Amino acid sequence: MRAATAEDAQAIGAVFDAAVREGWRYLGKLVDEPMFSPEDWDQLVADHAPPNVLLVAADAAGRVAGYVAAHTDDGELFLLFVNPESAGRGVGRGLLDAAHDAMRAEGCADAFLFTHELNERALKVYDRAGYRPDGTVRESDFRGIAIRELRLVKQL
């Protein structure tokens with residue numbers, strides 16, 4: 001686990017693309033092509049400078065295997081993605097634990113996140129980590145597809 005750098009931006013994007021192709025099939029053909037541009041990934045890294053959190057987990061070869069982003073001003077766990085090749089090896093849980101530690105260090109007492117109601121794998125991961133739905137639902141439109149996300153909360 002380490003803090004992400006500008007050099008990680010495109011690898012972070014590649015992990016996102018691989019993870020959503022496999023895990024977000026409920027979005028149909030939208031996941032078949034990259035959803036965000038290289039510049040979007042550069043901006044993500046720039047936007048998550050401290051006190052925000054952007055951590056990457058690297059595999060034995062030094063490649064980005066997963067990443068997590070959190071906003072310490074409001075306690076939002078913003079992103080958590082693991083390359084499907086690294087899934088099931090504790091990468092996601094390690095990233096989640098590291099993000100929680102970083103959030104606590106910045107004074108966050110609680111964390112929250114939003115995840116799609118059909119994202120079964122993520123819902124299981126977050127449930128095992130102690131997140132619970134608080135009844136809040138966020139509905140939006142992403143490129144013509146209706147998105148319904150559940151808000152999950154956890155005391156840190």
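Quick caveat, the model's predicted, so the values are computed rather than measured. Computed from heavy atoms alone, side chains included, the values below leave out hydrogens, waters and symmetry copies.
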Classify the ring geometry of Phe16 against Trp41: parallel below 30°, tilted from 30° to 60°, perpendicular beyond 60°. tilted
Is the Phe142 ring parallel, tilted or perpendicular to the Phe36 ring (thresholds 30°, 60°)? tilted
Given the rule in the side-chain contact (heavy atoms from CB on, under 4.5 Å) test, do Val153 and Asp110 qualify, once you have shown the distances and angles that lead to the verdict? CA-CA 7 Å; Val153 297; Asp110 301 289; over 6 Å; no
Residue from Val45, Asp42, Leu79 passing side chain to side chain contact (heavy atoms under 4.5 Å, CB included) with Ile12: Val45
Between Leu113 and Phe78, is there a side-chain heavy-atom distance shorter than 4.5 Å? no
Contact between His71 and Met103 at the side-chain level, heavy atoms closer than 4.5 Å - yes or no? no
Nearest 0.5 Å please: distance from the [atom1] atom of [X] over to the [atom2] atom of [Y].
{"X": "Leu55", "Y": "His48", "atom1": "CG", "atom2": "NE2", "answer": "10.5 Å"}
{"X": "Glu149", "Y": "Ser140", "atom1": "CD", "atom2": "OG", "answer": "5.5 Å"}
{"X": "Leu152", "Y": "Leu123", "atom1": "CG", "atom2": "CG", "answer": "6.5 Å"}
{"X": "Glu85", "Y": "Glu22", "atom1": "CD", "atom2": "CD", "answer": "9.5 Å"}
{"X": "Leu150", "Y": "Asp134", "atom1": "CG", "atom2": "CG", "answer": "9.5 Å"}
{"X": "Tyr26", "Y": "Glu120", "atom1": "OH", "atom2": "CD", "answer": "9.5 Å"}

Minimum heavy-atom separation for [X] and [Y], please, with both atom names.
{"X": "Ala69", "Y": "Leu54", "result": "CB-CD1, 3.8 Å"}
{"X": "Ala102", "Y": "Val53", "result": "CB-CG2, 3.7 Å"}
{"X": "Ala57", "Y": "Met1", "result": "CB-SD, 3.8 Å"}
{"X": "Pro84", "Y": "Ala18", "result": "CG-O, 3.5 Å"}

Under a 3.5 Å threshold, yes or no: a donor from one side chain and an acceptor from the other, between Ser37 and Asp40? yes
[X] side chain vs [Y] backbone, donor-acceptor pair below 3.5 Å:
{"X": "Arg93", "Y": "Arg89", "answer": "no"}
{"X": "Lys154", "Y": "Arg132", "answer": "no"}
{"X": "Asn83", "Y": "Ser86", "answer": "no"}
{"X": "Thr136", "Y": "Arg151", "answer": "no"}
{"X": "Glu139", "Y": "Ala146", "answer": "no"}

Would you say [X] and [Y] are hydrophobically clustered, going by side-chain heavy atoms of ILVMFWY under 4.5 Å?
{"X": "Phe114", "Y": "Leu156", "answer": "no"}
{"X": "Leu96", "Y": "Phe112", "answer": "no"}
{"X": "Val125", "Y": "Trp24", "answer": "no"}
{"X": "Val15", "Y": "Leu27", "answer": "yes"}
{"X": "Val82", "Y": "Val64", "answer": "no"}

Apply side-chain contact (heavy atoms from CB on, under 4.5 Å) to Thr5 and list each qualifying residue two or more places apart in sequence or on a separate chain. Arg2, Glu7, Asp8
Around atom [atom1] of [X], are there more than 12 heavy atoms of other residues, nucleotides or ligands at under 6.0 Å?
{"X": "Gln10", "atom1": "CD", "value": "yes"}
{"X": "Arg121", "atom1": "CZ", "value": "no"}
{"X": "Glu117", "atom1": "CD", "value": "yes"}

Under 4.0 Å between a Lys/Arg side-chain N and an Asp/Glu carboxylate O for Asp17 and Arg21? no
Would you mind checking if Arg104 and Asp101 are paired as a salt bridge, meaning a charged N to carboxylate O distance below 4.0 Å? yes
Report the C-alpha distance between Arg143 and Met35 in whole Å, list the side-chain angles of each, state the deciding distance to 0.1 Å, and finish with yes or no for side-chain contact (heavy atoms from CB on, under 4.5 Å). CA-CA 10 Å; Arg143 300 185 183 173; Met35 292 184 198; 3.8 Å; yes
Can you confirm whether or not the ring centre of Tyr126 sits under 6.0 Å from the ring centre of His116? no
Can Tyr131 and Leu77 be said to form a side-chain contact (heavy atoms from CB on, under 4.5 Å), step by step? CA-CA 11 Å; Tyr131 281 86; Leu77 187 76; 4.0 Å; yes
Candidate pair Arg25 and Asp32, rule side-chain contact (heavy atoms from CB on, under 4.5 Å), full reasoning: CA-CA 9 Å; Arg25 297 307 313 168; Asp32 292 339; 3.3 Å; yes
